[in-house]
Asks: 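If you scroll down you'll find the structure; I have some questions about it.
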Amino acid sequence: MTDSFLSNSAIVAAYREKSPSSAELAGQAARSFPSGLTHDSRYLEPYGIYIERAEGAHKWDVDGNEYVDYFGGHGALLLGHNHPRVLAAMHTALDAGTHFGASHAFELRWAQAVQNLVPCAERVRFTSSGTEATLLALRLARAYTGKRKIIHFATHFHGWQDHVTSGYSSHFDGTPTTGVLPGVAEYSILLAPGDTDAVAAALAEGDVAAIILEPTGATFGLVPVDPDHLAALRELTSKYDTLLVFDEVVTGFRVSPGGAQAALGVTPDLATFAKILAGGLPGGAVVGRKDILDLLDFDAKIRKGREKIAHQGTYNANPVSAAAGAAALDIIATTDVCDKANAYAAALRKRLNEVIETEGVAWAAYGTYSGFHVFTNTRKRHLTPSEFDPFDYDYEELKANPPEVVTKLRLAMLLNGVDITGWPGGTVSAAHGEGDLEKTVAAFRKSLVMLKSEGEL
Ligand code: PMP
């Protein structure tokens, strides 16, 4: 981004004015971390806010500013920050010890909660993150089928592991991203999202172990997937003895208590989870058909005479994550938290579109379930938000955002007390309430006015 963008903007100046302690910490962080950051999605010019504490749908920065939070722990916090039952479960586990180097009842309750909710979960294997879960799922698929290739889709995210880095935000031609071996990328077939014909053609060529995708579309519906496409993938993968893997790291326990697979009625062979799974703590899982997860089973190895997949992981199913996860999943199973978050997000999308319409901006708010996205219309097409349909746009256009406009939108929203993600958009929790909705809508209106006054709209 240009220096003039940072120095000539009243929004940037006001942001600096409001967040001097964050600026000070960001200055120190630049001497410890590349870009001063520990996660790429937290990148924000001129610097991001430093948070001191959080509660429910809110968080407070080190300068004492309060925000309505739509980052939601990168989607992990369907229940909001510090749900008392999750905290209590964590405290119980913490008091008992943080690592037993042995099996424990917390992990069993956690797995049973997953199995009770998720249709495909005949067996469960916990990992420490979503990235590890997708890595293990693809290895299981290759070992189970004896085939080498995997199919994934442009813009879909499956963590930062080598097999799926191309085509998320760059390398849309499937070439390897820097540091990844060409031989690895060669066996990962990158297709356009939603292209059933291309999938059929790739499967017909043979040697495809698995198709992996985000079942409601890239970045929680930023590039949505038609449910008919999912059904077609189910049929095609069964026909070609290829495994269907749903990456439910975001959609799991959010779209519905049983994830996207329960909501959409398509059962994959394997699914990956993280985020909500562990109640806001680190943790992931691969779940799926018993005959596939048997590749991790010592006895099955002997019975079937095949090589076991080795799988270690110091913090797999650590007791504190397990206790938090089991508590969170119990709340999700027994209350209406998914419906509540979904209803709030639908109301928010509607209200944001009303603001867009009355302010005469050619943008649109859209999304599914408890997510929202703001389409910033890089190509400056004529559009009215009420008629906007993301299926009319290709994935490159939906994903493209003018970086300076999005940065200013995020800074303006922060100035007005709301933290949104860089999609731009966010995830909603069950802790968001009527007051948060009104505050967000008012902040959005003020932010659009601020962007207009800087000639960005
Ligand atoms: N898959 C999807 C769909 C994700 O959104 C993410 C994280 N944003 C991951 C995988 C990776 O999960 P983690 O950050 O826990 O490694």
Side-chain angles (χ1 to χ4, degrees), residues 37-43 70-78 114 118 125-141 150-169 177 188 193 210-225 230 244-255 259-261 263-264 268 270-288 313 315-318 321-322 324-325 328 367-373 395 399 420-428:
L37 292 175
T38 52
H39 189 307
D40 280 359
S41 304
R42 297 175 199 153
Y43 178 75
Y70 292 103
F71 247 94
H74 293 262
L77 302 176
L78 175 68
V114 172
V118 178
R125 183 69 173 217
F126 289 116
T127 63
S128 290
S129 70
T131 297
E132 287 177 41
T134 62
L135 181 62
L136 180 58
L138 297 181
R139 189 177 299 175
L140 279 164
I150 58 130
I151 291 176
H152 65 129
F153 296 99
T155 65
H156 285 232
F157 186 65
H158 305 298
W160 55 267
Q161 49 107 340
D162 286 10
H163 302 264
V164 282
T165 51
S166 304
Y168 166 57
S169 58
T177 57
S188 297
I211 296 179
I212 186 167
L213 79 162
E214 294 185 67
T216 67
T219 314
F220 201 18
L222 175 82
V223 183
V225 165
L230 284 189
L244 182 60
V245 184
F246 281 0
D247 181 350
E248 296 233 41
V249 166
V250 171
T251 55
F253 316 106
R254 173 177 283 283
V255 159
Q261 56 191 280
L264 299 168
L270 294 173
T272 53
F273 294 89
K275 299 193 194 275
I276 294 170
L277 170 77
L281 267 71
V286 179
V287 313
Y315 291 103
N316 293 351
N318 75 83
S321 291
T368 50
Y369 304 103
S370 51
F372 69 98
H373 306 277
Y395 69 87
K399 185 125 177 148
I420 61 169
T421 71
W423 307 341
T427 49
V428 166

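Both backbone and side-chain heavy atoms feed into the values below; hydrogens, waters and symmetry mates do not. All ligand and atom numbering here is 1-based and tracks the order in the structure.
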Asks: Please state which protein non-hydrogen atom is closest to atom 16 (O) of ligand 1 and give its distance, to 0.1 Å?
Replies: T131 OG1, 2.6 Å
Asks: Does the E248 side chain pair with the main chain of P215, one donor and one acceptor, at a distance under 3.5 Å?
Replies: no
Asks: May I ask you to decide if V164's main-chain N or O and S188's side chain share a donor-acceptor pair within less than 3.5 Å?
Replies: no
Asks: Do any nitrogen or oxygen atoms of V249 come within less than 3.5 Å of a nitrogen or oxygen of ligand 1?
Replies: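 Checking ligand 1 against V249, no N or O pair falls under 3.5 Å apart.
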Asks: Going by the order shown, which atoms of ligand 1 are within less than 4.0 Å of some heavy atom of S129?
Replies: 15 (O), 16 (O)
Asks: Just distances here: any N/O of K275 and N/O of ligand 1 closer than 3.5 Å?
Replies: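 Indeed, backbone or side chain, K275 has an N or O that close.
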Asks: What is the ring orientation for H156 with F153, classed by angle as parallel under 30°, tilted 30 to 60°, or perpendicular over 60°?
Replies: tilted
Asks: Note the single closest protein heavy atom to atom 5 (O) of ligand 1, along with its residue, its atom name and the distance in Å.
Replies: V250 CG2, 3.2 Å
Asks: Heavy-atom contact check, 4.0 Å cutoff: does H158 meet ligand 1?
Replies: yes
Asks: At under 4.0 Å between heavy atoms, is it the side chain or the backbone of E214 that contacts ligand 1, or both, or neither?
Replies: side chain
Asks: The test is ring pair (Phe, Tyr, Trp, His ring centres under 6.0 Å); show your working for Y70 and F372 and say whether it passes.
Replies: CA-CA 9 Å; Y70 292 103; F372 69 98; 5.2 Å; yes
Asks: Does the ring of F253 carry K275 above it, NZ/CZ under 6.0 angstrom from centre and within 45° of its axis?
Replies: no
Asks: Is the side chain of H373 donor-acceptor paired with the backbone N or O of G425 at a distance under 3.5 Å, no angle test?
Replies: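 Answer holds: no.
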Asks: Donor-acceptor pair, distance only, cut-off 3.5 Å: does the side chain of T127 make one with the backbone of E132?
Replies: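 No: the side chain of T127 does not pair with the backbone of E132.
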Asks: Do me a favour and list the nearest non-hydrogen protein atom to atom 3 (C) of ligand 1 with residue, atom name and distance?
Replies: F157 O, 3.2 Å
Asks: Identify which of G130, G159, G252 has a heavy atom lying nearest to atom 15 (O) of ligand 1.
Replies: G130
Asks: Does ligand 1 come near enough to D247 that some N or O of the ligand is less than 3.5 Å from an N or O of the residue?
Replies: yes
